[in-house]
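Some notes on the structure that comes next.
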Amino acid sequence: MKKLVILLFNIWMPFFLIAQNIDTLSSIKKYTAPGLNVKSKPINNNTNLFARSLFIPTSLISYGFFAMGINSLKSLNRNIKSELQEDHSKFKTKTDNYLQYSPAIAVYVLNACGIKGKNNLRDRSMIYALSTLFATATVQSIKKITRVERPDGSCKTSFPSGHTTIAFAAAEFLHTEYKDISPWYGIAGYIAATATGVMRLYNNKHWLSDIVAGAGFGILSTKLAYWIYPSIKKKLFKDKNVSTMLLPYYLPGNAGLSFVHNF
């Protein structure tokens with residue numbers, strides 16, 4: 001267990017630190033030091049920042065795909081599976097089925113408690129719906145194409161991890177809504193998402209590379225949703241406040257309607 005935690009820490013922390021540096025540099029560029037007559041060309045903020053923000057998720061996704069062909073990464077997958085099964089062969093939990101949604105639920109709980117995020121009910125609900133749609137469609141399509149066998153041999157839908165994708169999409173959602181208030185909300189969301197991925201490893205349902213790629217797809221899905229939604233908003237909505245929404249959702253083997261209300 002200790003080795004796995006150290007390994008995951010080494011994988012995630014460099015990306016997290018890079019993300020913090022990008023956000024910091026982006027903020028610094030908005031200001032000019034007093035007394036300096038410096039002519040700087042305005043940055044195309046939306047496009048440039050969005051392009052930079054893709055570095056982390058695309059790197060994670062690339063790792064997942066590389067792991068299907070690079071022997072050293074394949075060996076790492078097998079070694080982690082062997083170690084976990086040797087020490088925790090009887091470990092089974094269904095907590096990951098619910099924990100994956102916790103960062104998204106936190107957004108609505110925080111708003112209900114009066115801690116307002118970046119967007120109103122309608123906008124954040126539409127963004128999260130878009131993110132979930134992108135994540136689900138992408139993951140299910142790739143699973144059918146790659147047909148990677150799960151560690152337990154149950155089927156060939158291992159790559160990438162759907163649970164991890166949904167969890168990191170929700171974590172990025174929480175991070176984006178509350179990063180201007182406190183970074184700790186986003187950190188808590190990413191801890192929950194990482195815990196979801198770890199549980200998938202312990203349940204012997206995924207390889208490490210499935211988890212890493214799933215994280216990338218999840219983050220990317222939410223970033224795309226935030227990038228695309230303003231255009232959709234202009235076409236579909238007038239600027240009206242909405243207190244209640246009923247949204248359809250679909251996940252593999254599970255479909256229905258979600259009811260959201262701001263008190």
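The first residue in the sequence is number 1, and the count goes up from there. Computation of the quantities below employed the complete heavy-atom set of this structure, encompassing side-chain atoms and omitting hydrogens, waters and symmetry-equivalent molecules.
- Taking the side chain as every heavy atom from C-beta outward, Thr58 and Tyr63 never approach each other to under 4.5 Å.
- Residues satisfying the salt bridge (Lys or Arg N to Asp or Glu O under 4.0 Å) test with Lys81, not counting sequence neighbours, are none.
- Listed by first and then second residue, the salt bridge (charged side-chain N to carboxylate O under 4.0 Å, His left out) pairs involving residues 147-161 are Asp152-Lys205 (not counting sequence neighbours).
- Note on ring orientation: taking the six-membered ring where Trp is involved, the planes of Phe217 and Phe65 are perpendicular (angle over 60°, cut-offs 30° and 60°).
- Counting only heavy atoms from C-beta outward, the side chains of Arg124 and Asn111 approach each other to under 4.5 Å.
- Between the side chains of Tyr108 and Ser125, at least one donor N or O lies within less than 3.5 Å of an accepting N or O.
- Ion pairing between a basic and an acidic side chain is recognised when a charged N comes within 4.0 Å of a carboxylate O; Lys233 and Asp123 show such pairing.
- Within the structure, ring-ring contact (aromatic ring centres under 6.0 Å, His included) pairs that include any residue of residues 121-149 comprise Tyr128-Phe173 (at least two apart or interchain).
- When the salt bridge (Lys or Arg N to Asp or Glu O under 4.0 Å) test is applied to Lys223, the partners found at least two apart in sequence or on another chain are Glu172.
- Sorted by first then second residue, the salt bridge (charged side-chain N to carboxylate O under 4.0 Å, His left out) pairs that include residues 182-198, not counting sequence neighbours, number zero.
- When the side chain to side chain donor-acceptor pair (under 3.5 Å) test is applied to Arg78, the partners found at least two apart in sequence or on another chain are Ser75.
- Put simply, the side chain of Asn77 does not reach to within 4.5 Å of the side chain of Leu73, judged on heavy atoms.
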